[in-house]
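Shown next, in structure tokens, is the structure this report addresses.
Naming convention: chains lettered A, B, ... in sequence-line order (proteins, then strands); numbering from 1 in each chain.
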2 protein chains.
Amino acid sequence: MSGRDLKDLLYEQVARIARAAASPKRLELIEILVQGEKSVEQLAADAEISVKLASAHLKELRLARLVEARREGRRMFYRLVDRHVADFWVMLRTLAEERLLELQAATREIAEGGGDLAPMAGEQLLERARRGEVIVLDVRPGMEYANAHLPYARSIPVSELRDRLGELPADRPVVAYCRGPYCLMASEAVAILARSGFQASRLEDGVAEWRYQGLPLATAAHDSEECTE
Amino acid sequence: MSGRDLKDLLYEQVARIARAAASPKRLELIEILVQGEKSVEQLAADAEISVKLASAHLKELRLARLVEARREGRRMFYRLVDRHVADFWVMLRTLAEERLLELQAATREIAEGGGDLAPMAGEQLLERARRGEVIVLDVRPGMEYANAHLPYARSIPVSELRDRLGELPADRPVVAYCRGPYCLMASEAVAILARSGFQASRLEDGVAEWRYQGLPLATAAHDSEECTE
DNA sequence: CGTATATTCCAACGAATATTGGAATATGTG
DNA sequence: CACATATTCCAATATTCGTTGGAATATACG
């Protein structure tokens, strides 16, 4: 094989991966899958697209070996192949944010709903949560919390938040997080909490960003009680 | 703006970056630009495409803010916006290699030309080069060496290697490197060296991979003499 | 100012992609 | 086995992208 042909082949393979990521819907599916395994139906619902379209996109992602599928009964469950895919998503998003001004404007629009608390860096938030000075609240669906969550975080899905406000101590600031900076659940939660008199703010990071920074995660509920009260 | 519209906008912006990287030719241009600033003509020649096509691809890359252009006389020089773009390229390639089997097979074909020396890890190679136990040889064009090169490396472009073999001590192993794993110059150099009785092997990494690993680089020729002889 | 050089813009065509509707497959249930 | 459910496959359409040829732009030189 000639040098040129070989090179073409090599770059083509790498481009194939990039092409798999070059679709908004597929990126959204990837971000959802970062939260854990999901069925096609769930993925379609979360990404607000038809099941058929979700299936087609998942096929592309599977072809690029970014996700893999498992059959359970009549359902097909998809998951990311490994954490490098999640890291890639975080890096790509970070790169995009550094470069595109419109993106920064839109991200600001999401953040605006949050409180005034200065954004705390990872290590610092972790320490304050450990000491119980701040309540870290995971507002994603329960399944995703069970799959992986920030240390010391407790789970109240945003859909149940209104009815479960009583579980939260009113004398401490609450930091809500969800799937990541593009997810709106934490913003909604902050709005609900603020309306009820809580000192609430939003953490932009999700588990993917947290892990990307090398910070620890919890995978069960065994540590979420340590900071309860 | 509704939540869905906002999300669509956000993912679309990220996808735009991925789309810019989703073309073999553009990836090749990026890798060439990692070696330093180049004119459109040089880029087209290195990537073996027409100037017009190179210009079109560079326009895409510029639109995505991955590269920026500078005019000097009647030439246009392009460069990567910052090192995050180079890091992105390395990460994308690494991800692709982990995933795609064909790619691994092709990469092996490139490496096959190399010697039998066990591949040395970065730190170790650096130390051996510092002590002069091994000759690190940069076989890229002189301009690229001047822009940035591995510490203790000396420059002999592959095109001049045949005529300058006398400059190399024959009693020490030579490790040649070039632009990165997909570049063929180092393989060619190893073949030439081996034919002349040198104990030659190839380093797959280029400056991008080296920097990605957090290892130091040299930017002038001030340190390439330390290990000369 | 005319000419040569380097690069970009514009137009056009074929190839690839996203999306949707309808049919097909595979699994579980009565 | 008939039937419901979850998902995938296939076909068709609109759109986008890669590539090339020809014209246009910007700069340098005589």
Side-chain angles (χ1 to χ4, degrees), chain A residues 4-5 7-9 11-30 32-33 37-64 66-79 143, chain B residues 4-5 7-9 11-30 32-33 37-64 66-79 143:
Chain A
R4 177 40 44 188
D5 291 343
K7 275 192 177 183
D8 285 348
L9 183 64
Y11 289 108
E12 175 57 39
Q13 302 302 325
V14 182
R16 195 193 284 187
I17 300 290
R19 206 168 8 247
S23 149
K25 301 279 199 288
R26 285 199 288 270
L27 288 175
E28 187 164 2
L29 289 172
I30 287 174
I32 295 167
L33 286 172
E37 194 176 61
K38 297 246 182 177
S39 72
V40 177
E41 197 179 18
Q42 289 175 303
L43 284 163
D46 282 354
E48 298 177 65
I49 56 180
S50 74
V51 170
K52 262 187 283 204
L53 183 54
S55 176
H57 281 305
L58 289 165
K59 184 189 173 186
E60 290 295 314
L61 290 172
R62 196 171 40 174
L63 216 63
L66 294 179
V67 309
E68 55 193 10
R70 175 178 69 84
R71 174 154 230 137
E72 187 181 306
R74 61 188 119 177
R75 279 203 203 93
M76 214 61 163
F77 284 90
Y78 279 84
R79 58 170 174 275
M143 292 281 293
Chain B
R4 177 39 45 187
D5 292 343
K7 274 192 177 182
D8 285 347
L9 182 65
Y11 289 109
E12 175 56 40
Q13 303 301 324
V14 183
R16 195 193 284 185
I17 301 289
R19 209 173 359 254
S23 148
K25 301 280 200 291
R26 286 198 289 270
L27 288 175
E28 188 164 1
L29 289 171
I30 287 174
I32 295 166
L33 286 172
E37 195 177 60
K38 298 244 180 177
S39 71
V40 178
E41 196 177 17
Q42 289 175 304
L43 285 162
D46 282 354
E48 299 177 65
I49 55 179
S50 75
V51 170
K52 263 189 280 206
L53 184 53
S55 176
H57 280 306
L58 289 165
K59 184 188 172 187
E60 291 293 316
L61 290 172
R62 196 171 39 173
L63 215 64
L66 294 179
V67 309
E68 54 194 9
R70 176 178 70 85
R71 171 154 231 138
E72 187 179 307
R74 60 189 122 176
R75 279 202 203 93
M76 213 62 162
F77 284 89
Y78 280 84
R79 60 170 173 274
M143 291 282 293

Has the side chain of B:K52 got a donor or acceptor that lies under 3.5 Å from a partner of the other kind on the base of D:dG21?
-> yes
To the nearest 0.5 Å, how far apart are OH in B:Y11 and CD1 in A:I30?
-> 10.5 Å
Interatomic distance where NZ belongs to B:K59 and P belongs to D:dT19 [whole Å] = 15 Å
B:Q42/B:F77 under side-chain contact (heavy atoms from CB on, under 4.5 Å): CA gap, chis, key distance, verdict = CA-CA 9 Å; B:Q42 289 175 304; B:F77 284 89; 4.3 Å; yes
Whole-Å distance between C:dT8 P and B:E41 CD?
-> 12 Å
Nucleotide nearest B:S55 (side chain, heavy atoms from C-beta), chosen from D:dT20, D:dT8, C:dT7 = C:dT7
When the distance from CG of B:D8 to C1' of C:dT19 is rounded to whole Å, what number comes out?
-> 14 Å
With a non-hydrogen cut-off below 4.0 angstrom, is A:Y78 in contact with a base, only sugar-phosphate, or nothing?
-> sugar-phosphate
If you check the A:S50 side chain, which of C:dA18, D:dA28, C:dT20 turns out closest?
-> C:dT20
Figure out the CD/C1' separation between B:E72 and C:dT7, and round it to whole Å.
-> 15 Å
How long is the span from the CZ atom in B:R26 to the NZ atom in B:K59, to the nearest 0.5 Å?
-> 12.0 Å
May I have the distance from B:R75 (atom CZ) to C:dA4 (atom P), rounded to whole angstrom?
-> 18 Å
Distance below 4.0 Å between B:R26 side-chain N/O and D:dG18 OP1 or OP2 = yes
Between C:dT7, D:dT7, C:dA6, which nucleotide gets closest to the side-chain atoms of B:R74?
-> C:dA6
Taking CG from B:L63 and P from D:dC17, how many angstroms apart are they, rounded to a whole number?
-> 11 Å
So, A:R62 side chain and A:E68 main chain: donor-acceptor pair closer than 3.5 Å or not?
-> no
Just compare C:dT7, D:dA28, D:dT7 and give me whichever is closest to any side-chain atom of A:M76.
-> D:dT7
Are any of B:H57's side-chain N or O atoms less than 4.0 Å away from OP1 or OP2 of D:dC17?
-> no
Winner on side-chain proximity to B:K25, out of D:dT5, D:dC17, D:dT19, is D:dT19
Separation of A:L58 atom CG from C:dA18 atom C1', in whole Å?
-> 14 Å
Do B:E37 and B:R70 come close enough that some side-chain heavy atom pair is under 4.5 Å?
-> yes
Integer-rounded Å distance: C:dG22 P and A:L53 CG = 16 Å
A:R19 side chain, from C-beta outward: closest of D:dT8, D:dG18, C:dT17 = C:dT17
